[in-house]
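Data block below; observations after.
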Amino acid sequence: MEYDHKAIEEKWQSRWEQQPDLFHADVDPSRPKYYLLEMLPYPSGTLHMGHIRNYAIGDALARYKWMRGYSVLHPMGWDAFGLPAENAAIKNKRPPREYTLSNIAHMKGQHRRFGFSYDWSCELATCEPEYYRWNQWFFLKMLERGLAYRKHARVNWCPKCNTVLANEQVVDGCCWRHEDTPVEQRALEQWFLKITAYADQLLDSIAQLEEGWPERVLTMQRNWIGRSEGARIDFRVADSGEPITVFTTRIDTICGATCVILAPEHPLMEKLTAGRPDLAAAARRLAESQQGRDPADLVKEGIFLDRFAINPFNGERLPIWSANFVLMEYGTGAIMAVPAHDDRDYEFCKKYGIRVRHVVVPTEDQATSAGLAFTEDGVLINSGPFTGLPSDEARRNMTAHGRERGFAEAAITYRIRDWGISRQRYWGTPIPIVHCPKCGTLPVPEDQLPVLLPLNIEITGMGGSPLRQVPEFLHVKCPRCGVAAERETDTMDTFVDSSWYFYRYCDPRNDRQPFDPAKIRYWFPIDQYIGGVEHAILHLIYSRFFTKVMRDLGLVANDEPVKRLFTQGMVIREGAKMSKNLGNVVEPETIADKYGADTARLFSLFAAPPEKDLDWNDAGVEGMYRFLARVFRFVTREHPAGDGSADRQVLRKLHQTIRKVTEDFETRWHFNTSLAAIMELVNELYQQEANVSAAVMEQTLPALVLLLAPFAPYTAEELWAQLGRQGPVMRVPWPSFDPALAAEDEAEVVVQVNGKLRGRLTVPKQTPKEELERRALADPKVRAHLDGKQVVKVVTVPDKLVNIVVR
RNA sequence: GCGGAUGUGGCGGAAUUGGCAGACGCGCUAGAUUCAGGUUCUAGUCCUCGCAAGGGGGUGGAGGUUCAAGUCCUCUCAUCCGCACCA
């Protein structure tokens with residue numbers, strides 16, 4: 001029978017669709033559960049190969065888990081808010097909602113075509129009021145707890161997106177979506193979520209993730225949080241006594257401080273430059289030189305403020321400077337410069353002729369680095385009573401000393417900043433806030449949620465928040481006093497939507513709460529999350545933050561949302577990421593038309609292990625098609641009843657294959673090797689067809705089909721039916737292997753002389769060492785290499801090798 | 001600059017625990033099938049010397065440990081990724 005992928009796909013697609021419960025699992029405490037999640041896609045309109053690969057990996061696992069008897073939650077939804085819909089609206093005059101929904105419909109069709117086993121009964125789209133009302137609800141809960149707040153802040157602005165970006169969305173000083181567009185700084189009233197309140201928890205509970213998350217992602221998150229321990233120290237301005245607070249991790253070097261440097265925007269700058277318009281102007285220029293900075297090539301510049309500060313440790317008068325490399329956003333916005341022990345300070349002080357004083361020297365066993373400054377720990381000199389102490393001890397003593405005298409305290413600073421969520425765009429969740437001229441900024445009462453996004457709106461892309469242009473949205477009565485007031489017109493960052501969507505999947509139609517906590521207790525944590533590494537910090541840190549807030553709200557019991565994370569590699573072609581610009585895109589639909597969905601899935605699993613980048617290769621796809629057709633032909637054809645002389649061999653191969661594929665599922669997911677093993681089995685069957693008894697053939701073929709089922713579900717389902725078996729194949733138990741049948745009863749033992757291969761012995765398994773050595777030394781080929789030499793030593797590893805060392 | 005990953009035939013990759021380097025697939029070569037092409041089936045395919053039997057070399061490079069190294073250690077080169085004035 002010929003392999004007609006089109007007919008097979010169409011047949012099973014419609015059969016599967018007639019069984020809506022096929023991929024649905026209820027809460028069932030009597031069975032082990034498995035929550036498998038792939039990152040929800042933005043509905044751009046078409047699936048690309050990266051999606052197919054992502055879902056093929058997930059689907060193989062989902063089907064395998066079903067066959068192993070798990071209750072599997074495998075949902076899919078749509079990250080449906082966001083800029084592209086709005087841009088399309090500007091360009092094509094298509095309403096964002098209509099555009100988005102039609103994209104979703106199209107992509108859902110593609111999903112079905114590829115045969116992914118999603119439970120569509122929990123499908124959700126984040127742009128629907130039933131979903132985003134809970135974004136608003138979470139926002140109000142955070143507001144109540146002081147975790148959402150508004151402030152006037154300098155923020156990152158992308159002139160192409162016409163909106164604010166979170167710090168996490170700025171890449172190399174440019175917008176994450178427009179890599180050639182430098183981010184500008186603007187001062188705006190913005191809403192923030194206080195992720196910094198959870199900085200310590202986010203850092204500490206990384207320990208819980210070490211087993212199941214890639215180390216790389218955890219390292220990135222640790223760096224992003226950027227905790228550093230140190231001290232805050234007050235330097236007083238000479239004459240006025242005004243304190244300048246600096247943060248340092250190296251209080252042990254404080255006696256080497258030779259100046260104090262403020263960020264140009266530091267609040268004290270105004271006072272310190274009072275009466276000196278020349279300095280004030282220079283400071284403004286400094287601040288500007290930071291703007292749109294490409295951090296790599298910013299030249300350090302500074303000005304002397306003609307004022308002095310007193311070092312509280314040794315009473316020295318230090319000049320006060322302002323410099324562009326000191327950041328207002330980090331620490332206290334002021335530093336003490338210790339040029340002898342910090343490379344940046346050294347560079348700055350050298351440039352301006354500020355003196356350098358060494359206060360830490362390397363210990364004897366420490367190699368002195370050839371660097372400009374000695375930045376490592378050592379032993380203190382020139383530090384009054386602290387001289388002679390090692391750095392770490394000095395830090396403790398000096399901090400304690402400063403605390404006693406009231407001018408210093410231990411302090412911890414984080415690199416992570418609060419999450420700015422205001423976006424001056426239309427297609428997002430409205431922030432549920434009313435600005436009343438009398439009562440100020442008020443939350444929309446919970447019972448008035450959702451604040452609906454108006455749909456009758458023309459998007460122009462010009463001039464600020466589009467919602468300001470919609471009078472019936474904008475004008476509202478104050479919920480407290482009833483006077484005319486205005487709604488907040490900014491919408492939320494779409495990363496809010498994706499920070500908790502996986503909870504909603506468990507209870508997607510709940511209209512009283514975001515979800516029923518009892519259902520969460522059954523399904524959570526997510527057993528396996530699969531997605532691209534590009535979300536290592538953005539989405540994955542926001543999600544962890546949301547979970548901790550939800551835990552504190554009593555909604556969930558788990559501390560972390562995701563037990564195991566898998567980051568799959570990219571799909572590349574001709575050495576580059578697939579992109580329209582490069583013209584190297586392969587459309588999944590094209591492949592599905594020509595070779596079928598199973599072929600596309602199989603190739604994306606076979607061409608590389610899933611965590612590595614996959615090099616798309618058209619000829620390789622043909623190979624996969626050939627393989628499926630070869631399996632199909634073999635399983636569906638009549639087999640002559642053989643004499644059974646190859647039964648043992650074929651059964652052994654079968655059970656070895658089952659063992660191999662099962663192991664791959666249970667450990668590292670190297671499905672490329674699983675498929676290679678299945679191919680070997682098929683090759684063996686072709687070769688031994690005539691020598692296999694009918695009985696063995698009858699047990700081998702169904703097992704082969706089951707092994708293939710997680711990878712090529714259409715073909716497997718059809719073959720299962722062709723074998724006269726009852727499906728669906730994903731409800732059939734996974735084949736088990738018999739170790740006795742899988743075991744080899746003979747071993748090929750390699751004989752080496754001085755590590756070089758000189759012969760082979762075929763012996764029964766577990767042949768004793770002495771016997772192996774005897775036979776090795778008796779082998780004529782081996783003897784030829786021993787001629788005239790003296791045997792020094794013989795190393796024997798049973799069932800593996802004999803190595804004869806001669807001189 | 002700091003941190004991490006990777007480096008194996010013409011190509012994608014395998015070798016999971018120090019024990020036969022190159023499984024499996026692509027490509028290529030030959031044979032069979034076919035009017036021919038394609039399909040399918042079979043065999044071969046790391047490099048090199050040799051008619052052959054057989055030998056020599058080989059996992060980015062250089063050293064080392066070991067009876068034995070793709071695998072462990074040191075140094076080094078290349079590519080990719082992340083971070084980058086975070087005090």
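We use all heavy atoms of the structure for the numbers below, so side chains are in, but hydrogens, waters and symmetry mates are not. Convention: sequence-line order gives letters A, B, ...; per-chain numbering from 1.
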Fill in: Which residue lies more 5' along RNA chain B, comparing A:Gln752 with A:Asn683 via nearest heavy atoms
A:Gln752
Worksheet item: What is the per-nucleotide protein-contact pattern of nucleotides 46-58 of chain B, from the 5' end, where B denotes a base atom under 4.0 Å from a protein heavy atom, S denotes such proximity for sugar-phosphate atoms only, and - denotes neither?
Response: ---------SSS-
Discussion item. I'd like to compare against my own output: the B/S/- annotation of nucleotides 10-17 of chain B with a strict under-4.0 Å heavy-atom distance to protein.
Written reply: --BSSSB-
Item to complete: Report yes or no: is there a donor-acceptor pair, N or O only, under 3.5 Å between the side chain of A:Lys800 and the base of B:C20?
Response: no
Worksheet item: Taking atom types as they are modelled, is there a donor-acceptor pair under 3.5 Å from the base of B:C81 to the side chain of A:Arg216?
Response: no
Establish, with yes or no, whether the OP1 or OP2 oxygen of [N] is under 4.0 angstrom from a side-chain nitrogen or oxygen of [X].
X: A:Arg626; N: B:G27; answer: yes
X: A:Gln687; N: B:A43; answer: yes
X: A:Arg232; N: B:A87; answer: no
X: A:Arg415; N: B:A84; answer: yes

Worksheet entry | A:Asp613 side chain vs A:Met570 backbone, donor-acceptor pair below 3.5 Å | yes
Fill in: Residue pair A:Thr715 / A:Tyr3, side-chain donor-acceptor N/O under 3.5 Å
yes
Worksheet item: Distance under 6.0 Å and angle within 45° of the ring axis: does A:Lys300 meet both against A:Phe325?
Response: yes
